[in-house]
Amino acid sequence: PRVIGRACSGSVASMPAPQPGLSFEKGLERLKSFNAGKPAPTAESIQRAEEEEFEKLQAIEREEAERRCPSLRSIPRFYERKAKDVEEANSLRPRVLCVASRQLLHRKSTQELLDEEDLRAMSALLKEEHARRRGTDSRAEVEVIDYESFAKIGEELAKRGERFRHFFTPSTFLKFPRDKHGRIAIDLFFTFVVRKVNIRQSLCHVSHYDALGRGYLREKDMENFIFELIPTLPRLSYLQEEFYPFYVFTAVRKFFFFLDPKRTGRIRIRDLLSSQIIIELYELRQEDPLDAFEAESNWFSMQSALKVYGAYLELDADQNGMLSKEELSHYGSGMLTNVFIDRVFEEYQTYKDSDTGEREVDYKTFLDFVLAMENKNSKQAIQYFWKLIDIQHKGYLDSFIINYFLRAILRSLQTKKFDVASVDDVKDEIFDMVKSQQPGIITMQDLVNSRQGGTVLSMLIDAAAFWRYDNRESFMVEQDDDY
């Protein structure tokens with residue numbers, strides 16, 4: 001005790017020594033008596049004390065590192081091994097950094113975000129200024145404002161807080177088209193402001209699910225985000241809670257299919273918020289129900305999710321929760337070639353059935369398959385299919401590979417007693433459609449650039465789609481006859 005007393009100084013040394021077995025209530029009373037009569041610390045002093053303690057911890061850590069590696073005293077460390085996600089999740093340091101970044105973002109957003117009252121005040125001032133100047137051009141069909149009035153309103157709103165100022169800069173004004181008098185449309189500007197505010201609010205919301213504080217969401221982070229978002233979406237109010245897990249899988253797969261085509265297992269928050277996919281999801285915030293067309297075209301609608309899951313259950317003939325090659329081949333028209341289905345099971349994740357020993361796909365793999373089939377012209381879908389049709393992994397398709405897939409198409413049509421064209425004729429037509437950079441071969445980028453990628457892929461994997469394309473002129477004649 002005497003050594004501790006000499007090593008410590010000030011109020012810490014004068015504190016009453018703890019007693020073994022001291023109850024919480026008595027400990028609290030002793031602490032109150034110790035602090036009695038002393039002024040409460042200010043926010044500045046608390047922050048200063050925290051910084052001092054943090055600097056001490058940093059110094060201890062630095063001294064320990066220099067003890068282990070003396071060269072650090074003269075040569076700084078240029079590289080530090082990046083921790084794995086599992087290590088980060090269990091380590092104190094990244095968790096502290098994550099909480100700190102969230103708090104900083106929340107504090108900045110609280111100071112900079114506009115609330116509904118702010119937006120109403122801005123809208124009122126914009127409309128008042130337009131009405132005041134309307135006499136200069138009574139023929140104006142839309143509400144407009146010139147830069148002088150724009151800057152004036154900015155200064156007026158800045159008196160309410162600095163959070164308004166960055167919306168009323170010259171660069172912001174120049175973002176919008178101007179009429180012959182140099183004025184911009186008020187509605188366009190106000191919509192821009194509301195969108196910026198919504199994005200910032202979404203950033204704060206989504207960042208709470210960034211478990212590692214690195215600016216991206218992993219699959220389980222996205223699942224937590226969607227799961228907790230469901231009760232807040234009026235257009236999902238009738239979704240049964242038992243279906244929540246399957247809805248979460250369905251929703252999350254679209255984000256990862258389009259925003260993580262390289263399958264890194266993470267999506268940058270900035271990419272998430274700037275995508276059209278999050279806008280499609282947020283359409284479910286509206287109170288009025290979706291009409292039949294909107295419900296069908298919106299992947300996140302309750303009707304769409306139930307339709308996809310229902311298709312999965314219908315294909316699962318043996319009801320074991322997984323799909324075999326035979327079961328998946330009945331998807332859509334039921335005329336997907338065996339060659340194509342085999343490639344799906346060779347390249348994408350499958351699971352071994354313990355009873356039959358057969359490889360099968362689960363619901364998540366099925367969702368990727370559906371997204372690719374329904375969006376064949378998208379770059380992400382072409383990338384998905386490219387892994388399947390580039391069987392030799394050369395980075396291009398040649399006549400041999402195209403013949404390989406076309407023969408499977410023609411065999412399927414012949415079993416159905418359909419008249420079929422020659423393989424060589426169809427192959428030449430595909431090369432004419434794509435107009436590849438290098439004659440005789442087709443690259444993935446050629447498919448993307450041609451804007452015919454979806455059609456070409458359908459011709460190579462789906463016998464029904466090939467037949468419809470091959471008989472397209474007959475269909476057009478029939479439609480003309482109907483008119």
Side-chain angles (χ1 to χ4, degrees), residues 219 249 253-254 256-258 260-265 308 311-312 315-318 320-413 415 423 427 430 441-448 453-466:
E219 187 169 352
F249 295 151
R253 287 323 301 164
K254 180 162 188 176
F256 275 87
F257 183 84
F258 285 101
D260 182 33
K262 294 184 178 180
R263 303 296 185 263
T264 63
V308 174
Y312 182 78
L315 291 172
D316 184 17
D318 59 6
N320 69 341
M322 309 281 277
L323 300 183
S324 64
K325 289 183 181 180
E326 174 64 24
E327 290 170 337
L328 186 61
S329 67
H330 291 94
Y331 174 83
S333 64
M335 295 183 69
L336 298 173
T337 65
N338 293 335
V339 168
F340 169 65
I341 295 296
D342 287 344
R343 290 294 297 150
V344 172
F345 278 73
E346 289 170 7
E347 293 292 340
Y348 290 106
Q349 186 169 12
T350 59
Y351 301 88
K352 187 175 182 179
D353 188 299
S354 57
D355 296 329
T356 65
E358 187 178 2
R359 306 299 299 185
E360 297 186 323
V361 298
D362 67 351
Y363 185 54
K364 288 186 178 181
T365 303
F366 174 74
L367 288 171
D368 284 339
F369 179 84
V370 172
L371 286 164
M373 294 294 290
E374 293 186 355
N375 301 274
K376 288 193 188 79
N377 282 314
S378 69
K379 183 176 180 180
Q380 293 85 350
I382 292 175
Q383 186 171 339
Y384 175 93
F385 287 115
W386 187 261
K387 190 175 180 180
L388 304 176
I389 62 177
D390 182 18
I391 56 178
Q392 297 177 332
H393 304 289
K394 291 182 177 179
Y396 62 83
L397 307 181
D398 54 19
S399 296
F400 173 81
I401 296 176
I402 293 176
N403 286 341
Y404 176 75
F405 283 97
L406 284 178
R407 286 194 185 98
I409 290 285
L410 299 184
R411 283 196 301 270
S412 178
L413 290 174
T415 60
V423 171
K427 179 190 66 178
I430 288 176
I441 65 172
I442 297 174
T443 65
M444 188 180 77
Q445 194 59 46
D446 289 333
L447 280 181
V448 175
T455 302
V456 172
L457 290 168
S458 296
M459 293 170 65
L460 294 176
I461 66 176
D462 187 348
F466 175 92

### Query
For residues Asp462 and Ser458, is any side-chain donor paired with an opposing acceptor at under 3.5 Å?
no

### Task
Quick one: list whatever passes side chain to side chain donor-acceptor pair (under 3.5 Å) with Tyr363, sequence neighbours left out.
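Thr250.
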
### Query
Can you list the steps and then say if Leu460 with Leu406 is a side-chain contact (heavy atoms from CB on, under 4.5 Å)?
CA-CA 6 Å; Leu460 294 176; Leu406 284 178; 4.0 Å; yes

### Query
Which residue pairs pass the side-chain hydrogen bond (donor to acceptor under 3.5 Å, both in side chains) test when at least one of the two sits in residues 368-379, sequence neighbours left out?
Arg253-Asp368

For [X] and [Y], work out which heavy atoms get closest and say how close.
X: Arg343; Y: Ile391; value: NE-CG2, 3.4 Å
X: Ile430; Y: Met459; value: CG1-CE, 4.0 Å
X: Met444; Y: Trp386; value: N-CH2, 3.3 Å
X: Leu323; Y: Leu328; value: CD1-CD1, 4.2 Å

Main chain of [Y], side chain of [X]: is a donor-acceptor contact present, judged purely on distance under 3.5 Å?
X: Asp390; Y: Gly395; value: yes
X: Glu327; Y: Ala317; value: yes
X: Thr415; Y: Ser412; value: yes
X: Tyr384; Y: Pro261; value: no

### Query
Phe366 vs Tyr331 aromatic rings, parallel, tilted or perpendicular, using cut-offs 30° and 60°?
perpendicular

Heavy atoms, side chains only, cut-off 4.5 Å: are [X] and [Y] in contact?
X: Arg411; Y: Arg407; value: yes
X: Ile401; Y: Lys394; value: no
X: Ile341; Y: Phe345; value: yes

#### Entry: Asp342, CG atom: more than 12 neighbouring heavy atoms under 6.0 Å
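Yes.
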
### Partner of Thr350 by side-chain hydrogen bond (donor to acceptor under 3.5 Å, both in side chains), out of Arg359, Glu358, Glu360
Arg359

